[in-house]
**Q** 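Encoded as structure tokens, here's the structure I'll be asking about.
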Amino acid sequence: MGFVRSLCVCITFLSCLISSVHGQATARPGPVSGTRIGFYATTCPTAETIVRNAVTAGFNSNPRIAPGILRMHFHDCFVQGCDGSVLISGSNTERTAVPNLNLRGFEVIDNAKTQLEAACPGVVSCADILALAARDTVVLTRGLGWAVPTGRRDGRVSLASNANNLPGPGDSVAVQQQKFSALGLNTRELVVLAGGHTIGTAGCIVFRNRLFNNTDTTVDQAFLTQLQTQCPQNGDGSVRVDLDTGSAATFDNSYFNNLARGRGVLQSDHVLWTDPATRPIVQQLMSPRSTFNTEFARAMVRMSNIGVLTGATGEIRRVCSAVN
Ligand code: HEM
């Protein structure tokens, strides 16, 4: 069964690549980079299994680590590339920056690393563990997997100040476009990747400012009332609300359907529907014939290649929370 699923995924991934070669897909082909599928095939053949088992164990004890790890990978890649810098702990590291305070799942990555160091010391980077784990969380939430090119090396710099430019919950489409295009991701990839909000939650604190005195008629009024009840004006800002109402545990395209009904939770989600630059993309992704899953896989491969360190650059950390 596992083999059949892997095979299907590989076929889908290949057909995805082939369709992009034939110009049928809208996303651009991935950038040239030093990562490749199966990088550890001879140096650590059990690497991907070890990561998958660690993520599965973490997920079984707390399913909320799935969205946590997916978001962590995004935050790693958007701050000086996918180099595992988000994993480093200590004062003034990226982990201490406001957008990263609610990241979860660090212990799962650390657990995978401990097992990998026992099996193949000094071989598998933390940046790759995070990229593989992000894919595994999508599979565990019943999304489509993909082959993750590996061979990233770990960075040695992690500064909170570098994390300030991450996309924020109040960002307009123009600002989101600017932040994604600065890293080589186009508008379609932006919308597809925002579809990561098909799983997980947000704290009231990050979107409560849009709940009261909101005169925007494109917001579903019943939904607004529901959010106001969940996140009262002077209530606990750490209370968490599903980003994809009705389907927050399953990786599917219902997030886009919610956007079209005025049920986006973050302002940055809602504007993907109201802005003419992104609305047609949401319309395509929400349809019953949606290609969201395959497009998400391909966009993740592209995002996971941002600014990677390969070859002799960077290092292979001994533990993910500290440089060597
Ligand atoms: C497009 C710009 C984006 C903005 C402005 C944004 C913003 C946010 C915010 C504010 C939260 C809530 C954080 C909290 O309260 O703890 C969140 C959660 C989340 N984001 Fe994004 N995000 C964006 C793109 C992405 C992308 C590209 C991915 C992954 C591919 C992603 C995955 C997630 C996930 C899975 C969660 C839920 C986390 C959890 O439940 O712990 N986001 N995002």
Side-chain angles (χ1 to χ4, degrees), residues 58-59 62-79 82 86 97-106 108 130-131 133-138 140-141 143 146 163-183 185-210 230-231 236-244 247-252 255-256 259 264-273 275 277-278 281-282 292-293 295-304 306:
F59 177 78
N62 178 10
R64 283 175 62 183
I65 66 104
I69 289 174
L70 180 59
R71 182 168 185 242
M72 193 191 294
H73 181 50
F74 159 54
H75 282 204
D76 186 31
C77 294
F78 265 56
V79 180
C82 315
V86 75
V98 170
N100 288 335
L101 293 180
N102 276 323
L103 290 183
R104 60 191 89 234
F106 291 103
V108 173
L130 188 48
R135 181 269 316 272
D136 294 340
T137 64
V138 172
L140 283 165
T141 50
W146 61 92
N164 290 335
N165 208 28
L166 281 163
D171 284 354
S172 64
V173 167
V175 170
Q176 294 183 58
Q177 282 174 313
Q178 180 264 316
K179 289 178 177 175
F180 276 67
S181 77
L183 298 171
L185 298 169
N186 64 28
T187 301
R188 189 169 184 102
E189 289 165 326
L190 153 62
V191 179
V192 167
L193 288 168
H197 291 173
T198 177
I199 55 170
T201 57
C204 291
I205 188 82
V206 301
F207 63 90
R208 187 161 44 196
N209 62 342
R210 69 183 289 254
Q230 287 172 284
C231 302
D236 180 356
S238 69
V239 168
R240 301 192 68 84
V241 172
D242 292 345
L243 285 165
D244 179 15
S247 172
T250 309
F251 204 97
D252 55 20
Y255 160 81
F256 297 106
L259 294 190
V265 173
L266 307 178
Q267 182 67 11
S268 56
D269 291 326
H270 180 64
V271 293
L272 296 179
W273 175 250
D275 193 303
T278 45
I281 305 171
V282 174
F292 171 56
N293 274 310
E295 288 197 57
F296 188 80
R298 190 173 46 194
M300 282 295 285
V301 170
R302 296 239 316 130
M303 186 184 85
S304 301
I306 294 172

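These figures come from a predicted structure and were not determined experimentally. Start at 1 and go down the list; that is how both ligands and their atoms are numbered.
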**Q** Check this for me - ligand 1, R240, N or O atoms closer than 3.5 angstrom, yes or no?
**A**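 Checking ligand 1 against R240, an N or O pair does fall under 3.5 Å apart.
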
**Q** Do any nitrogen or oxygen atoms of R64 lie less than 3.5 angstrom from nitrogen or oxygen atoms of ligand 1?
**A**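 It does not: no N or O of R64 is found under 3.5 Å from an N or O of ligand 1.
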
**Q** Are side-chain N/O atoms of H197 and D244 paired as donor and acceptor at under 3.5 Å?
**A**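 Judged by distance alone, the side chains do not pair up.
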
**Q** Could you list which atoms of ligand 1 come closer than 4.0 Å to a heavy atom of G196?
**A**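 Those of ligand 1 that fall under 4.0 Å from G196 are 35 (C).
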
**Q** Output yes when the distance from some N or O of ligand 1 to some N or O of Q176 is under 3.5 Å, and no in every other case.
**A** no

**Q** Give the single entry among N100, T201, V241, V173 that approaches atom 37 (C) of ligand 1 most closely by any heavy atom.
**A**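 Of the listed residues, T201 has the closest heavy atom.
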
**Q** Below 3.5 angstrom, do we get any N/O pair linking G203 and ligand 1?
**A** yes

**Q** Report yes if the distance between the aromatic ring centroids of Y255 and F292 is under 6.0 Å, otherwise no.
**A** no

**Q** Using a 4.0 Å cut-off to any heavy atom of N102, which atoms of ligand 1 qualify?
**A**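 Reading through ligand 1 atom by atom, the close ones are 16 (O).
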
**Q** If the cut-off is 4.0 Å to any non-hydrogen atom of G168, which atoms of ligand 1 fall inside it?
**A** 5 (C)

**Q** Which of the numbered atoms in ligand 1 are under 4.0 angstrom from any heavy atom belonging to I199?
**A**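 Those of ligand 1 that fall under 4.0 Å from I199 are 35 (C), 37 (C).
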
**Q** I'd like to know whether R298 forms a side chain to side chain contact (heavy atoms under 4.5 Å, CB included) with E189, so could you lay out the CA-CA distance, the side-chain angles of the two residues, the decisive distance to 0.1 Å, and finally the verdict.
**A** CA-CA 9 Å; R298 190 173 46 194; E189 289 165 326; over 6 Å; no

**Q** Among protein heavy atoms, which sits nearest to atom 35 (C) of ligand 1, and what does the distance come to when rounded to 0.1 Å?
**A** P67 O, 3.3 Å

**Q** For the residue pair S268 / D171, report whether a side-chain donor-acceptor contact shorter than 3.5 Å exists.
**A**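 No, S268 and D171 have no side-chain donor paired with an acceptor closer than 3.5 Å.
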
**Q** Can a donor-acceptor pair be found between the side chains of T250 and D252 at a distance below 3.5 Å?
**A**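 There is no such pair between these side chains.
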
**Q** One residue to check: L193. Relative to ligand 1, which of side chain, backbone, both or neither has a non-hydrogen atom less than 4.0 Å away?
**A**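 For L193, backbone and side-chain atoms both sit under 4.0 Å from ligand 1.
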
